[in-house]
Amino acid sequence: MRIGDLSTRAGVSVRALRYYEEQGLLHAARSASGQRHYPEPAVERVRLIQQLYGAGLSSRHIAELLPCVDANEPSEHSTALLKAERDRIDRQIQDLIATRDRLNAIIISSQTPSACEHHTPYPATPALATTP
């Protein structure tokens with residue numbers, strides 16, 4: 001399939017696909033006229049790349065992992081990298097849950113008008129003395 005077709009089917013821009021190629025994450029065959037042609041599995045590969053980017057992995061880490069994904073034989077290094085990324089994502093999830101819980105508490109407390117009526121978020125600062 002041509003680059004425009006892959007772009008549409010995978011839901012990413014043509015520019016993103018070219019970037020993935022530059023980073024060695026995606027490969028295309030070239031026609032005699034230089035047009036890119038991708039195999040059918042490229043759609044799922046692009047979706048995987050998008051998921052990995054979305055999870056916060058860098059191009060370099062993705063490039064390290066994809067050969068192991070392709071071979072379906074993870075190395076010790078790639079397994080350690082995957083575990084480290086998983087642990088980082090778990091920490092982010094916990095941070096997001098804590099933030100959500102704080103926001104929920106604020107929302108609940110703000111539903112009682114008296115709780116917020118006279119609340120000053122920061123202590124008032126005394127006026128600075130000026131000398132004539």
Side-chain angles (χ1 to χ4, degrees):
M1 83 186 81
R2 292 174 45 177
I3 195 167
D5 298 327
L6 178 57
S7 170
T8 300
R9 291 188 53 202
V12 300
S13 68
V14 169
R15 184 177 179 194
L17 296 175
R18 288 185 184 124
Y19 175 77
Y20 298 163
E21 268 193 70
E22 289 172 14
Q23 298 300 308
L25 307 176
L26 186 64
H27 304 284
R30 296 285 186 146
S31 69
S33 62
Q35 292 181 332
R36 293 172 171 88
H37 291 276
Y38 298 92
E40 187 64 30
V43 175
E44 281 307 310
R45 185 176 191 90
V46 170
R47 289 180 181 154
L48 172 62
I49 292 167
Q50 286 286 293
Q51 285 179 314
L52 295 173
Y53 272 128
L57 276 75
S58 68
S59 296
R60 185 176 58 85
H61 283 156
I62 295 171
E64 288 177 29
L65 294 173
L66 286 177
C68 298
V69 170
D70 293 341
N72 200 22
E73 294 180 20
S75 66
E76 278 186 44
H77 174 72
S78 66
T79 300
L81 179 60
L82 287 169
K83 287 179 179 180
E85 291 298 333
R86 181 203 55 209
D87 293 345
R88 182 188 57 77
I89 291 168
D90 284 343
R91 286 189 302 274
Q92 283 183 311
I93 290 168
Q94 292 306 312
D95 290 345
L96 287 169
I97 289 170
T99 301
R100 182 201 58 203
D101 292 347
R102 285 193 80 182
L103 289 173
N104 281 337
I106 293 167
I107 291 167
I108 290 168
S109 70
S110 70
Q111 292 174 346
T112 308
S114 62
C116 293
E117 279 180 14
H118 298 86
H119 176 69
T120 305
Y122 300 101
T125 52
L128 296 174
T130 57
T131 17

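Starting from 1, each residue takes its place in the sequence as its number.
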Any donor and acceptor pair, going by atom type alone, linking the side chain of Ser110 with main-chain N or O of Ile107 inside 3.5 Å? yes
Is a side-chain donor or acceptor of Ser78 paired with a backbone partner of Leu65 at a separation under 3.5 angstrom? no
Should the heavy atoms of other residues, nucleotides or ligands under 6.0 Å from CZ of Arg102 be counted, would the total exceed 12? no
Can you tell me if CZ on Arg15 sees more than 12 non-hydrogen neighbours from other groups inside 6.0 Å? no
Which residues pass the salt bridge (Lys or Arg N to Asp or Glu O under 4.0 Å) test with Arg2, sequence neighbours left out? none
Which residues share a salt bridge (Lys or Arg N to Asp or Glu O under 4.0 Å) with Asp70, sequence neighbours left out: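 Salt bridge (Lys or Arg N to Asp or Glu O under 4.0 Å) list for Asp70, sorted by chain: Arg45.
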Student check: side-chain heavy atoms of [X] and [Y] closer than 4.5 Å:
{"X": "Leu26", "Y": "Tyr38", "value": "yes"}
{"X": "Glu85", "Y": "His61", "value": "yes"}
{"X": "Leu82", "Y": "Arg86", "value": "no"}

How many angstroms lie between atom [atom1] of [X] and atom [atom2] of [Y], to the nearest 0.5 angstrom?
{"X": "Gln23", "Y": "Ile49", "atom1": "CD", "atom2": "CD1", "value": "10.5 Å"}
{"X": "Asp101", "Y": "Ile106", "atom1": "CG", "atom2": "CD1", "value": "11.0 Å"}
{"X": "Ser31", "Y": "Arg36", "atom1": "OG", "atom2": "CZ", "value": "10.5 Å"}
{"X": "Leu52", "Y": "Arg47", "atom1": "CG", "atom2": "CZ", "value": "14.5 Å"}
{"X": "Arg91", "Y": "Ile93", "atom1": "CZ", "atom2": "CD1", "value": "11.0 Å"}
{"X": "Ile3", "Y": "Leu17", "atom1": "CD1", "atom2": "CG", "value": "5.0 Å"}

State, without any angle test, whether [X] and [Y] hold a side-chain donor-acceptor pair at a distance under 3.5 Å.
{"X": "Tyr53", "Y": "Ser58", "result": "no"}
{"X": "Arg88", "Y": "Gln92", "result": "yes"}
{"X": "Glu21", "Y": "His27", "result": "no"}

Could you check whether Glu40 pairs with Arg9 (Lys NZ or Arg NE/NH1/NH2 to Asp/Glu carboxylate O, under 4.0 Å)?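 Yes, charged N to carboxylate O under 4.0 Å.
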Taking Glu64 first and then Arg60, would you say they form a salt bridge - that is, a charged N and a carboxylate O separated by under 4.0 Å?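 Arg60 and Glu64: salt-bridged.
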For Gly4 and Val14, the nearest pair of non-hydrogen atoms, with its separation, is CA-CG2, 4.4 Å
What closest approach, in Å, do Val43 and Met1 show between heavy atoms, and which atom pair accounts for it? CG2-CE, 3.8 Å
Quick one: do Val12 and Leu6 satisfy side chain to side chain contact (heavy atoms under 4.5 Å, CB included)? Show the steps, please. CA-CA 8 Å; Val12 300; Leu6 178 57; over 6 Å; no
Worked check of side-chain hydrogen bond (donor to acceptor under 3.5 Å, both in side chains) between Ser59 and Tyr19: CA-CA 10 Å; Ser59 296; Tyr19 175 77; 3.1 Å; yes
Going only through I, L, V, M, F, W and Y residues with side-chain contacts under 4.5 Å, is there a path from Ile89 to Leu81?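 No, it is not one cluster - the side chains of Ile89 and Leu81 are not joined through contacts under 4.5 Å.
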